[in-house]
4 protein chains.
Amino acid sequence: MAAKRTGEKYEAIINAAVRVIAQFGYHQAQVSKIAREAKVADGTIYLYFENKDDVLISLFNEKMGAFITDMEQSLSKVPSPDQQLRELIRLHFEYLVEDQQLAIVTQIELRQSNPDVRREIGRILKKYFNVIDQVLLSGVEEGLFGKDLNVRTARNMIFGTIDETVTSWIMNDCKFSLMDQVEPIHRLFLKGLQN
Amino acid sequence: MAAKRTGEKYEAIINAAVRVIAQFGYHQAQVSKIAREAKVADGTIYLYFENKDDVLISLFNEKMGAFITDMEQSLSKVPSPDQQLRELIRLHFEYLVEDQQLAIVTQIELRQSNPDVRREIGRILKKYFNVIDQVLLSGVEEGLFGKDLNVRTARNMIFGTIDETVTSWIMNDCKFSLMDQVEPIHRLFLKGLQN
Amino acid sequence: MAAKRTGEKYEAIINAAVRVIAQFGYHQAQVSKIAREAKVADGTIYLYFENKDDVLISLFNEKMGAFITDMEQSLSKVPSPDQQLRELIRLHFEYLVEDQQLAIVTQIELRQSNPDVRREIGRILKKYFNVIDQVLLSGVEEGLFGKDLNVRTARNMIFGTIDETVTSWIMNDCKFSLMDQVEPIHRLFLKGLQN
Amino acid sequence: MAAKRTGEKYEAIINAAVRVIAQFGYHQAQVSKIAREAKVADGTIYLYFENKDDVLISLFNEKMGAFITDMEQSLSKVPSPDQQLRELIRLHFEYLVEDQQLAIVTQIELRQSNPDVRREIGRILKKYFNVIDQVLLSGVEEGLFGKDLNVRTARNMIFGTIDETVTSWIMNDCKFSLMDQVEPIHRLFLKGLQN
DNA sequence: GATGAATGAGAATTCATTCAT
DNA sequence: GATGAATGAATTCTCATTCAT
């Protein structure tokens, strides 16, 4: 029987995985520990997921999918690429500030996972890159950024900066205010990219 | 008996580790495989290193130490913070273009290592952050950047962008020219940071 | 609630088990696969059988019971022990040629089953041994075989030869004609046993 | 590192496997139980064998190889095919009477093993079939058996009878004398096959 | 100093069986 | 009677590290 990939327990298991990984770290997140946290039997996990990797990939996929959907919706409400860029930074940070466990899992722990999981994560991340690229492209269209803007270079700067900032925030035990970084980073980007 | 941490075999083991990890990946880089590549017995590794983690940490430390020394020397030859920033990007990229195995190991593979190794890597990276910070501070001093520049924010942007660019380059099988990215990235940084 | 051991679904499950074991092999014949093949729910199997072993034992029992009944009836129609011996070989082979799935299941697959099942199979086989013994005993009575014939020895030869011939036939993908073996084997037996 | 497949511990593990399987049965012969019986660590087994299946296949191969070598040597000392046939039965029985644990393992327990192991066992058994065939062929050459003897049919009878006799002996807890069966079975074969 | 054979702890996964609906 | 989602026990194999030679 194939994995169900939906339902109440499907979500319970994913959320249990986030909690367990955040608390114990990737290498101490055994299937049985996740099962116990989700209040299901070990075997039940295999009714909803192919294997342990599938749990982790699904976790990232579900959370990142929701994030991207939210992001797209939020960005659509914002008229100018300028403000879209700010909103992108803001919402990215907000998401992780609101769910610090998720932040730890996606920023730190899942990066230690095995090659298969990391490959899938990379694939999922591309969707986010597309969102960033869209913002950049409309910025070019509207004349905010120069026509000669190399989108990949700019996207690497944007994602790299945001990602490194979050990592730095977590590594510093979330002691500095991530939200306070939105404006300065936005200003850096704008000045750097502007025509 | 404490680990020797020096000598011909010490280096042979570290370089073997780089080759093995680059070829087989972090998860397939067993001690015995590294030993075979270094043409020593498994047990010999424990005469020069405390344990496997110590090999990985030492690897990163040696390579990063040499990199930072080179970087400091190069930067010292460059007068203006403006050009130091360019040199920093250029040398960082050059190092990894020249030794793609090392690039794979430090950019991709070692990031999957266990918490202890990653903690040490973080500690070593701080030395590099200091170098970046120095460039930024002298830029502020010389009036190139504003007095209100948040050094950490700026450093996160610089390191994050460089790091993400390299990762993106490796993930694309080194197909695009990393060196061609130096100028556009330098321009982005300057424009973003300039007073 | 005790197992029903009778009814339409009882037979459906047994026949599904034969098909599944023949197709996938003993080790890949899970209860859920048999249930699906029989078009019943997993749990339904436990309304008709005590447990999985009981399915396998019942399978062997039903099929072997029918075989022995047929055999006894056929032998009763044959006057001489000489010809009974031929008929025994012929019918044994015919049964398995007619139902090769059953042949695979009883000759190959069920022999890998666990101790409990094999013990029961041995018990059921004894009924067949009795049939063989009857033929031998009437042969002795009628003076066809010597009075000093060791019945167990002779029966081991007869059953062992027939069984090994069938196994060899299946292992050779039923490529040679099993029915063509009836006469030569019958001749071997007769010459070997004859007074 | 590939499995060593030789040495003191190699043999210790094989012999431990025979003892454990004979005592506890195939399904209760865990790797750790075999390791304990062999007085080595679990992991040591994997220095000498690829995996658990390899232990079982090697067991059969080693024991059967020695058996076949002994058999060939013994048969070579016997001039006539007539007496070779007796010696074949005698030595086959003697081997298993001398080592009843081995008898249980090869006759009963290993037949429950998984498809891979059974396939290999079949391959190894063919060597024994060749030995039997040789005896039959020299019998034909010397005019003891008819020129029209179907060697496969005869071999199936010989192996089938011997095998079934041993199985029957074990199933009866070795209560009857297997060696006493040599002469009657030899007589049956000779009479059955003789010209 | 150098070797490499031996160690043994630790975890994902399967599948017969149950029982609430 | 029938269902099928949920259960949870049970086992192979890897690999960092040691230590007798």
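Naming convention: chains lettered A, B, ... in sequence-line order (proteins, then strands); numbering from 1 in each chain.
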**Study point:** Separation between CD1 of C:Ile34 and CG of C:Asp42, rounded to the nearest 0.5 Å
**Key:** 10.0 Å
Review point. A:Lys33 NZ to E:dT13 P: how many Å, rounded?
Key: 17 Å
Review point. Counting just side-chain N and O atoms, does C:Tyr48 come under 4.0 Å of either OP1 or OP2 of F:dG1?
Key: no
Exercise for review: Write down the distance between CD (A:Glu8) and P (F:dA5), rounded to a whole number of angstrom.
Suggested key: 15 Å
Revision key, fill the gap. Each nucleotide of nucleotides 15-21 of chain F classed B (base within 4.0 Å of a protein heavy atom), S (only sugar-phosphate) or -, in 5' to 3' order, makes SSBB---
Review point. Which stems, defined as runs of 3 or more consecutive Watson-Crick or G-U wobble pairs with both pairing distances under 3.5 Å, involve DNA chain F?
Key: E:2-21 with F:2-21
Review point. Yes or no on side-chain contact (heavy atoms from CB on, under 4.5 Å) for D:Met64 and D:Thr106, after CA distance, side-chain angles and deciding distance?
Key: CA-CA 9 Å; D:Met64 197 69 194; D:Thr106 57; over 6 Å; no
Show me the side-chain donor-acceptor pairs of residues 21-30 of chain C shorter than 3.5 Å, one per line, residues at least two apart or across chains.
{"from": "C:His27", "atom 1": "NE2", "to": "C:Gln112", "atom 2": "OE1", "distance (Å)": "3.0"}
{"from": "C:Gln28", "atom 1": "OE1", "to": "C:Gln30", "atom 2": "NE2", "distance (Å)": "3.4"}

Study note, to complete from the structure: Separation of E:dA6 atom C1' from D:Lys4 atom NZ, nearest Å, is 11 Å
Exercise for review: Would you mind reporting whether A:Leu47 and A:Lys9 have side-chain heavy atoms less than 4.5 Å apart?
Suggested key: no
Check your understanding: Tell me: CG of C:Asp116 to P of E:dA16, nearest whole Å?
Key -> 15 Å
Check your understanding: Rounded to the Å, how far apart are D:Ile45 CD1 and F:dT14 C1'?
Key -> 14 Å
Review point. Got a donor-acceptor contact below 3.5 angstrom from the D:Asp54 side chain to the D:Ile57 backbone?
Key: no
Check your understanding: To the nearest angstrom, how far is D:Lys39 atom NZ from E:dA6 atom C1'?
Key -> 17 Å
**Study point:** Donor-acceptor contact below 3.5 Å, side chain B:Arg123 vs main chain B:Arg119
**Key:** no
**Study point:** Under 3.5 Å: donor-acceptor pair, side chain of D:Asp53, backbone of D:Leu56
**Key:** no
Point to revise | Value in whole Å for how far the P atom of F:dA6 lies from OH of A:Tyr10 | key: 15 Å
**Study point:** First of D:Val40 and B:Val40 reached from the 5' end of DNA chain E, by closest nucleotide
**Key:** B:Val40
Revision key, fill the gap. Side chain to side chain donor-acceptor pair (under 3.5 Å) test vs B:Asn15 passes for just one of B:Gln101, B:Lys63, B:Glu62, namely B:Lys63
Practice item. Choose from F:dT7, F:dT3, E:dT3 the nucleotide whose nearest atom is closest to any side-chain atom of C:Lys9. Key: F:dT3
**Study point:** Minimum side-chain heavy-atom gap D:Tyr48-D:Ile14 below 4.5 Å
**Key:** no
Review point. When the distance from CZ of D:Arg36 to P of F:dT11 is rounded to whole Å, what number comes out?
Key: 12 Å
